[in-house]
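Residue numbers count from 1 along this sequence.
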Amino acid sequence: MTELRTLKVALLGCGNVGAQVARILIEDADTLAARAGAKLQLSGIAVRNVHAQRDVDLPQELFTTDADTLVKDADLVIELMGGIEPARTLILSALRNGACVVTGNKALVAQDGPTLHEEADKAGVQLSYEAAVAGAIPILRPIRDSLAGDRITRVLGIVNGTTNFILDQMDTTGAQFADALAEAQRLGYAEADPTADVEGHDAAAKAAILASLSFHTRFALENVHCEGITSVTAADIAAAKDAGFVIKLLAIAEKLIVADTETGGGEGVSVRVHPTLLPREHPLAAVHGAFNAVFIEAENAGELMFYGQGAGGTPTASAVLGDLVSAARSLVLGGPGRTETTTGQVSALPIDAAVTSYYIGLDVADQPGVLARIAQLFAEHGVSIEIMRQTIHRDAESNVESAELRIVTHRASEAALAATVEAVKGLDVINSVTSVLRVEGV
């Protein structure tokens, strides 16, 4: 029997995910070797503090603070440090030394993916980051490989478990945002500083990655329109529920045909993250708690959905090790590493070019002709109303009646919809615009 080759694996970072990766590499060494075609030897773990307490009992001799030396002697490098530096410098060093790299660093890939891919291409090695999007869910490799013979037209994703948990709590229990966030922090779903999650930055980085692989064009974080969930109120959630919708924070990437008076038009891609109303019968509406899901529409495959654990040490470690085995195989078999393709070269569209529907809540005067004036204004802006519901309520103190209107539009350009809302605000019969949210799936 042929003796298996030994590949040295350097692990950068030993947090929640890193510790589980190290444990599995040690405990399942024989199984991983059989699948990779080589022995995967954990040569060291680079950390800031070698004496820190960790949840997993690992051999002390593996720990080092000298990440540079560890990387230079490795065949495979797993980066789970997070942040931009020193992760970027260490990854570039590994690639230039001919090592394959596996990372879960969505912020770095979204910000500097082109540079990392360029170095991987030059060295003929594999750069993989399945764990950077949706935790344990295998989504990047299916997009890159399984759907390589198809044309993806649209991706909708719940890719942040913290925000999904918060919105789900608000929907199922009626909790206010602050209370749902506190519960997420108590359960460990949200950090002490939840800004990256609740403001949508985490989801935006993942949206850039999904768009880049889906449309074979490198999209950067700056190409993603981003809105968080901090402005979503319990009243918004209740109104959505009453109308048959649920609110989710969605990462959306879709190909659109855009008109251009100079060039005659062409294709572009809209990449955005924002709170979105979904009909309750939509598959993504049933994604509860801290789970993630990605819904893909392709020309030939049709509609596909990938669902599972979006975070956590063991689930995310599963994605890391899948990439590691794939990278090890590429080293054993030889030839260039598997990477992204950038043959699409479609432009990133501004949010004004996005095509969507709006849900608009209005508090209006209860008098004749109001509905007709509002409908006429929508028509003047080229926006068609799909659903309009009216509820009459009386102020207990003033005894004055007013009406609450809930409008769902047909799909139109973001620019036309935004202009319509601004025009509506100027009507003298409008007391206030209580809510404006985008709608998908109708």
Atom pair [atom1] ([X]) and [atom2] ([Y]), whose distance is rounded to the nearest 0.5 Å:
{"X": "Leu147", "Y": "Leu304", "atom1": "CG", "atom2": "CG", "answer": "6.0 Å"}
{"X": "Asp236", "Y": "Thr434", "atom1": "CG", "atom2": "OG1", "answer": "7.5 Å"}
{"X": "Thr103", "Y": "Ile78", "atom1": "OG1", "atom2": "CD1", "answer": "10.0 Å"}
{"X": "Glu130", "Y": "Leu140", "atom1": "CD", "atom2": "CG", "answer": "4.0 Å"}
{"X": "Tyr358", "Y": "Ile407", "atom1": "OH", "atom2": "CD1", "answer": "13.5 Å"}
{"X": "Leu95", "Y": "Asp121", "atom1": "CG", "atom2": "CG", "answer": "10.0 Å"}

Answer yes or no: is there a side-chain heavy-atom contact under 4.5 Å between [X] and [Y]?
{"X": "Leu349", "Y": "Leu256", "result": "yes"}
{"X": "Ile152", "Y": "Ile296", "result": "yes"}
{"X": "Leu371", "Y": "Gln390", "result": "yes"}
{"X": "Ile374", "Y": "Val370", "result": "yes"}
{"X": "Leu167", "Y": "Val232", "result": "yes"}
{"X": "Arg373", "Y": "Asp428", "result": "yes"}
{"X": "Thr173", "Y": "Glu183", "result": "no"}
{"X": "Val424", "Y": "Phe378", "result": "yes"}

Residue from Asp352, Thr356, Ile360 passing side-chain contact (heavy atoms from CB on, under 4.5 Å) with Leu417: Thr356

From the options Thr276, Asp168, Ile229, Ile237, select the one residue that forms a side-chain contact (heavy atoms from CB on, under 4.5 Å) with Ile247. Ile237

The test is side-chain contact (heavy atoms from CB on, under 4.5 Å); show your working for Leu249 and Ile166 and say whether it passes. CA-CA 10 Å; Leu249 182 72; Ile166 291 170; over 6 Å; no

Check for a donor-acceptor pair, side chain of [X] on one end and backbone N or O of [Y] on the other, with a separation under 3.5 Å.
{"X": "Asn105", "Y": "Gly83", "value": "yes"}
{"X": "Thr217", "Y": "Phe215", "value": "yes"}
{"X": "Thr420", "Y": "Ala416", "value": "yes"}
{"X": "Thr409", "Y": "Ser357", "value": "no"}
{"X": "His282", "Y": "Leu284", "value": "yes"}
{"X": "Arg272", "Y": "Ile252", "value": "no"}
{"X": "Asp323", "Y": "Val320", "value": "no"}
{"X": "Asn164", "Y": "Val287", "value": "yes"}
{"X": "Ser330", "Y": "Ala327", "value": "yes"}
{"X": "Gln185", "Y": "Gly188", "value": "no"}

Can you confirm whether more than 12 heavy atoms, excluding those of Glu380, are under 6.0 Å from its CD atom? yes

Taking atom CG of Asp28 as the centre, does the number of heavy atoms from other residues, nucleotides or ligands within less than 6.0 Å exceed 12? yes

Could you please spell out the steps behind the side-chain contact (heavy atoms from CB on, under 4.5 Å) verdict for Leu32 and Leu324? CA-CA 9 Å; Leu32 293 171; Leu324 186 70; 5.9 Å; no

So, Tyr129 versus His117, ring centres under 6.0 angstrom or not? yes

Nearest atoms (heavy-atom pairs only) where [X] meets [Y]:
{"X": "Gly13", "Y": "Met81", "answer": "N-CG, 4.0 Å"}
{"X": "Leu58", "Y": "Cys14", "answer": "CD1-SG, 3.8 Å"}
{"X": "Ala208", "Y": "Val271", "answer": "N-CG1, 4.5 Å"}
{"X": "Pro279", "Y": "Ala285", "answer": "O-CB, 3.5 Å"}
{"X": "Ala207", "Y": "Val273", "answer": "CB-CG2, 3.9 Å"}
{"X": "Ala365", "Y": "Asn431", "answer": "N-ND2, 3.8 Å"}

Using a strict 4.0 Å threshold on nitrogen-to-oxygen distance, state whether [X] and [Y] make a salt bridge.
{"X": "Arg411", "Y": "Glu254", "value": "yes"}
{"X": "Glu118", "Y": "Arg218", "value": "no"}
{"X": "Arg280", "Y": "Asp171", "value": "yes"}

Audit row: Gln20, Arg23, side chain to side chain donor-acceptor pair (under 3.5 Å) steps and yes/no: CA-CA 5 Å; Gln20 294 299 331; Arg23 176 188 64 79; 2.8 Å; yes

The test is side-chain contact (heavy atoms from CB on, under 4.5 Å); show your working for Leu210 and Ile139 and say whether it passes. CA-CA 9 Å; Leu210 286 168; Ile139 183 62; 4.2 Å; yes

Using the side-chain contact (heavy atoms from CB on, under 4.5 Å) rule, take Arg406 and Asp242 through it: C-alpha gap first, then chi angles, then the decisive distance, then the call. CA-CA 10 Å; Arg406 297 172 185 170; Asp242 184 58; 2.4 Å; yes

